[in-house]
Novice: 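Okay, handing you the structure first.
Chain naming here is simple, since letters A, B, ... match the order of the sequence lines and numbering starts at 1 in each.
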Amino acid sequence: MPGKRHPAQWPWYGLLALLLLGMVIALWAATQRVHYSWHWDRVPQYFLYQDEVLQSTPVAGTVAQIAADGHDSRVEIAPADGGRPTTITVETDTLKVKVGDAVAEEDDIGAVQQWRIGPLTMGLWVTIWISFLSGFIGLVIGLITGLCRISKNPTLRGLAVFYIELIRGTPLLVQIFIFYFFIGTVLDLDRIVAGVAALALFVGAYTAEIIRAGIQSIPKGQTEAARSLGMSAAETMIYIVLPQAFKRVLPPLAGQFISLIKDSSLVSVIAITDLTKSGREIITSSFATFEIWFTVALLYLLVTSVLSQLLFWLERRFARSD
Amino acid sequence: MIEAKQLVKTFVGRGHIVRAVDHVSTQVAKGEVVVIIGPSGSGKSTFLRCLNGLEEFDDGQVIIDGIDLTGSKTNLNAVRREVGMVFQHFNLFPHKTVLENVTLAQRVVRKRKLAEANDKAMSLLTKVGIAEKANEYPSRLSGGQQQRVAIARALAMDPKVMLFDEPTSALDPEMVGEVLDVMKQLAREGMTMAVVTHEMGFAREVADRVIFMDAGRILEDAPPTEFFTAPKDPRAQVFLKQVL
Ligand SMILES: Nc1ncnc2c1ncn2[C@@H]1O[C@H](COP(=O)(O)OP(=O)(O)OP(=O)(O)O)[C@@H](O)[C@H]1O
Ligand SMILES: [Mg+2]
């Protein structure tokens with residue numbers, strides 16, 4: 001409305017910036033007190049690093065020719081038995097032979113640099129796929145359990161309640177141990193299978209309650225309208241109730257899956273090399289404790305924010321019919 | 001077409017038993033329009049909902065086009081697709097467009113092809129005067145428009161009978177007419193209809209019979225001219241004085 005004056009907002013944003021800056025300074029001061037020396041330069045190599053790979057000759061013979069090609073050299077080896085010459089490309093500064101040298105089979109000629117994926121990237125990938133796989137399985141379990149939970153059959157309902165209460169009443173860490181040490185041993189499960197199963201059952205129980213609440217929030221009139229058109233109970237669920245319920249439960253489900261990504265760090269206790277475990281392993285060799293933990297936290301934050309943006313976008317798409 | 005015999009439906013609410021429908025027997029012939037009136041809580045909705053098995057009744061029989069609803073071999077879903085129902089609060093599917101509301105059950109229940117279902121839907125939407133809103137979502141429609149879509153949705157199943165439960169009660173007064181007009185046209189075309197309504201004008205003009213219910217019982221069943229000029233039952237007399 002023109003003419004109406006709003007109180008200026010910028011002083012508050014200024015204050016916010018100041019407070020955040022203050023926190024950073026406090027953090028820095030705290031590390032000064034313990035005489036911690038920062039080595040952020042040590043971090044990138046754990047994402048991606050160059051590795052020297054030795055190149056050896058597959059045949060015995062003599063070095064016939066060395067041609068420079070930028071930083072690389074192409075070494076041509078004439079086999080002793082007079083066959084066709086073999087060419088090996090290595091980096092010039094790693095070159096170990098001269099023209100005319102005799103080489104035996106498997107002798108090193110030089111090396112090339114190759115990019116390798118570091119443990120942080122690997123750990124991040126493990127965390128992502130473990131979370132998504134167990135999240136997906138959990139969603140299926142949750143859907144089935146949620147439907148059982150509101151079923152008219154006392155056996156199905158009882159089983160659902162039992163499972164939900166069991167999972168929600170015990171700590172995830174204990175569940176993971178039980179899965180790995182007890183069920184894993186009895187059924188001879190791989191640690192990854194045990195970890196994913198524990199996470200999936202955990203998230204499934206919470207998802208079941210969310211889905212049950214979502215289904216029950218759909219007005220009875222919707223079911224009645226569908227049934228009066230001759231749809232069966234299952235058709236009504238699939239075409240009418242679940243699509244509407246799903247739209248409503250998307251925000252709490254999103255929260256549940258974001259929690260799952262964070263909770264997945266607990267599988268590191270059964271020696272699954274996820275992001276957290278990778279972080280712990282790196283620290284033993286890098287001595288950059290603070291930097292690595294900050295980086296690990298930042299990576300979790302990155303994954304969870306990307307996911308929440310994605311789900312936010314999905315939610316807006318579903319809001320078309322409002 | 002519809003026959004109810006000694007129909008009983010009770011509800012257990014807070015310790016006491018409510019007989020919502022109490023030994024009701026009546027029938028609706030093919031092409032007949034029956035209007036059911038009565039005070040609030042008299043069991044009109046419950047009776048109507050028993051007719052398509054939405055409400056499980058405790059005793060008695062409902063026979064739709066020769067099929068007994070309580071028969072051990074009766075497929076309720078198969079009966080329901082022959083019985084259209086229109087609700088007070090429309091109950092359109094909010095996540096589907098108007099067109100999809102009308103095609104969904106055709107596709108799922110009647111197994112019609114998409115093109116066939118769309119043609120049917122468009123011709124019905126044209127009939128109820130709302131074809132230009134086919135691709136809107138229900139939330140963008142007025143109450144009167146939504147109710148007309150709901151009628152089209154029920155008609156799309158080619159029902160033999162249509163049940164209406166206070167189809168105009170949730171509407172603003174200026175929208176009542178457009179919905180009643182659609183219903184009158186249906187009646188003229190010979191649709192068998194059972195209508196619960198408070199619209200006495202509609203009952204007078206369209207009904208073949210008026211049924212008056214109170215406390216779960218049918219107290220009077222007469223042609224409209226007779227019922228509105230000389231009701232026999234004393235409670236019907238009181239009721240008419242109040243509403244007219
Ligand atoms: N699901 C239910 N549970 C318990 N009691 C019910 C239920 N549905 C209806 N009743 C009771 O049954 C009786 C008849 O209700 P019904 O809705 O059929 O009346 P009605 O004639 O349609 O009234 P209105 O004109 O207000 O719609 C009422 O006493 C009501 O309280
Ligand atoms: Mg009613």
Novice: Looking only at heavy atoms, which two atoms of R227(A) and R80(B) are closest? And how far apart?
Specialist: O-CD, 2.9 Å
Novice: Hey, which of L54(B), V108(B), N52(B) has the most heavy atom pairs under 4.5 Å with chain A?
Specialist: V108(B)
Novice: Chain A: which of R140(B), R110(B), E82(B) shares the most heavy-atom pairs with it under 4.5 Å?
Specialist: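 The answer is R140(B).
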Novice: Is a side-chain donor or acceptor of N91(B) paired with a backbone partner of A225(A) at a separation under 3.5 angstrom?
Specialist: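 Judged by distance alone, no pair lies under 3.5 Å.
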Novice: Would you give the length of the straight line joining atom CZ of R81(B) to atom OG of S228(A), rounded to the nearest 0.5 angstrom?
Specialist: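 Nearest 0.5 Å value for the CZ-OG distance: 13.0 Å.
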Novice: Heavy-atom distance under 4.5 Å to chain A: side chain of R49(B), backbone, both or neither?
Specialist: side chain
Novice: Check each atom of L92(B) against the heavy atoms of chain A and say whether the ones under 4.5 Å are side chain, backbone, both or neither.
Specialist: backbone
Novice: With a sphere of 6.0 Å drawn around NZ of K30(B), does it hold more than 12 non-hydrogen atoms of other residues, nucleotides or ligands?
Specialist: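 Counting other residues, nucleotides and ligands, NZ of K30(B) stays at 12 neighbours or fewer.
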Novice: Is there side-chain contact between L229(A) and M85(B), with heavy atoms separated by less than 4.5 Å?
Specialist: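 L229(A) does not reach M85(B) side chain to side chain.
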Novice: What part of V109(B) gets closer than 4.5 Å to chain A, counting heavy atoms only: side chain, backbone, both or neither?
Specialist: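 Interface part for V109(B): side chain.
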Novice: I'd like to verify something: which residue of S232(A), P219(A), A233(A), G230(A) has the highest number of heavy-atom pairs under 4.5 Å with chain B?
Specialist: G230(A)
Novice: Can you confirm whether more than 12 heavy atoms, excluding those of F11(B), are under 6.0 Å from its CZ atom?
Specialist: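 Result for CZ/F11(B): enclosed.
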Novice: Counting only heavy atoms not in M122(A), do more than 12 fall under 6.0 Å of its CE?
Specialist: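 For M122(A), atom CE is not crowded (no more than 12 foreign heavy atoms under 6.0 Å).
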Novice: Can you tell me which portion of H95(B) sits under 4.5 Å from chain A's heavy atoms? Options are side chain, backbone, both or neither.
Specialist: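 Both backbone and side chain.
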Novice: Surrounding CD of E56(B) (heavy atoms of other residues, nucleotides or ligands, distance under 6.0 Å), is the total greater than 12?
Specialist: no
Novice: For F87(B), is it the side chain, the backbone, both, or neither that has a heavy atom closer than 4.5 Å to a heavy atom of chain A?
Specialist: side chain
Novice: Under a 4.5 Å cut-off applied to non-hydrogen side-chain atoms, are L104(B) and M231(A) in contact?
Specialist: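 Sidechains of M231(A) and L104(B): in contact.
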Novice: Using 0.5 Å steps for rounding, measure from the CD atom of E100(B) to the OH atom of Y239(A).
Specialist: 12.5 Å
Novice: For E224(A), is it the side chain, the backbone, both or neither that has a heavy atom under 4.5 Å from a heavy atom of chain B?
Specialist: both
